[in-house]
Amino acid sequence: MILGILHSGENVNILVLDTEGYSNTGGQQSKSTPFGASMKFAIGGKEHAKKDLGMIAMMSGAYVAQIALGANQAQAIRAFREAASFNGPSIILAYAPCIAHGFALQNGAEHQMQMVQTGAWPLFRFDPRLITEGHNPLTMDSNVDNPLPLEDFLKTESRFGAARAANPQFNKLVDMAKANNAYKSELKKHIAQFVMLNKPVVKENREG
C-alpha cells in the first residue's frame, strides 16, 4: 500500500510511527522488529533483520526522512518542513516508544538519543530536489561512524534482556545486528549515489 503511494507521484505526505512490532495486538514480532528483540513468536530474539522501509522508499523518488523526536527535535522539524514543501510523495519514519520495549518511558528522550548513537536508528533526510542542484540527496543527521556500544544500549530494554536469558546464542544475534546496522548505513550512501547518476525527474513546486 505505502509503496504504491510512493510510486504514484502524487503529492501525498505519509507519517509512519514505528514501534518495531505489532503493539496494537499484544506485542507480536513484525517485519519491523529488530535483531534480537524478544516478542511473541520470537521469545529467544528475532533472528532476521528488520525491514528497512526508508531504504526501500529512497528508490521511489520520494522525499524520505527518519526521525526520533526525543533525540533531535530540530532535525525532526526540518524533516517535516521539507516533506511538506516537496511536490510529490514524501514519507517520514518516526521512532515510537512502546511499553513493550521495557524501559522507563519518562526517560524517553535520553533513551532515544542513546538508540540513535548506537546506529540502530540513524537519523537522515533524503531530498531528491538536491539532485537537480548537483548535490547528494542524502543527509545523515546522526553520527554512526563511531557508534556507542550496541550491547550497552540493549541492556536498557527488557525485550532484549528476555531474549538474552532465553537464548544462549544471543551474543551472535547482537553481532549480526551490529553488522547489519553498518551495512545498511553504507548501502543508503550507495543508493544516494545511484540515484544521482540516474537523476529522477522531480516536479517543480509551484505553490506559494
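Keep in mind that the numbers below use all heavy atoms, side chains included, and drop hydrogens, waters and symmetry copies.
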task: Look at the side-chain heavy atoms of Ile, Leu, Val, Met, Phe, Trp and Tyr, link any pair under 4.5 Å apart, and say whether Leu15 and Leu69 land in one connected group.
output: no
task: Nearest 0.5 Å please: distance from the CG atom of Asn72 over to the CZ atom of Arg78.
output: 10.5 Å
Rounded distance [0.5 Å steps], CE in Met55 versus OG in Ser185: 10.5 Å
message: Quick check: do Pro89 and Glu10 have side-chain heavy atoms less than 4.5 Å from each other?
response: no
Separation of Ile2 CD1 from Ile14 CD1 (nearest 0.5 Å): 5.5 Å
query: To the nearest 0.5 Å, what is the distance between CG (Asp52) and CE (Met58)?
result: 9.0 Å
- request: Using a 4.5 Å cut-off on heavy atoms from C-beta on, say whether the side chain of Ile191 contacts that of Met59.
  value: yes
message: Checking Ala68 now: which residues fulfil side-chain contact (heavy atoms from CB on, under 4.5 Å) with it, not counting sequence neighbours?
response: Ala71, Tyr95, Gln112, Val116, Trp121, Leu123
field: Side-chain heavy atoms of Phe86 within contact of Asn11, under 4.5 Å
entry: no
query: Rounded to the nearest 0.5 Å, how far apart are CZ of Arg125 and OH of Tyr63?
result: 5.5 Å
- prompt: So, Ser8 side chain and Ile5 main chain: donor-acceptor pair closer than 3.5 Å or not?
  reply: yes
- line: Minimal heavy-atom distance between Ala83 and Ile92, with the atoms involved, is CB-CD1, 3.9 Å
field: Reported CD-to-NZ distance for the pair Glu186 and Lys189, which is rounded to 0.5 angstrom
entry: 4.0 Å
query: Which pair of heavy atoms, one from Pro128 and one from Gly61, lies closest together, and at what distance?
result: CG-O, 3.5 Å
task: Could you tell me whether Asp127 and Arg129 have a side-chain N and a carboxylate O separated by less than 4.0 Å?
output: yes
query: Met140 and Leu53: same hydrophobic cluster, using ILVMFWY side-chain contacts below 4.5 Å?
result: yes
message: Using side-chain heavy atoms (C-beta onward) and a distance below 4.5 Å, is Asn13 in contact with Ser90?
response: yes
- request: Determine whether Asp141 and Ile67 make a side-chain contact, defined as any pair of heavy atoms from C-beta on separated by less than 4.5 Å.
  value: no
- prompt: Counting distance only, does the side-chain N/O of Gln75 pair as donor-acceptor with the main-chain N or O of Gln66 below 3.5 Å?
  reply: yes
message: Could you report the tightest heavy-atom contact between Pro122 and Ser142, atom names first, then the distance?
response: CA-OG, 3.5 Å
message: So Val16 and Ile91, do their side chains get closer than 4.5 Å, heavy atoms only?
response: yes
query: Under 4.5 Å between any side-chain heavy atoms of Phe124 and Leu138, yes or no?
result: yes
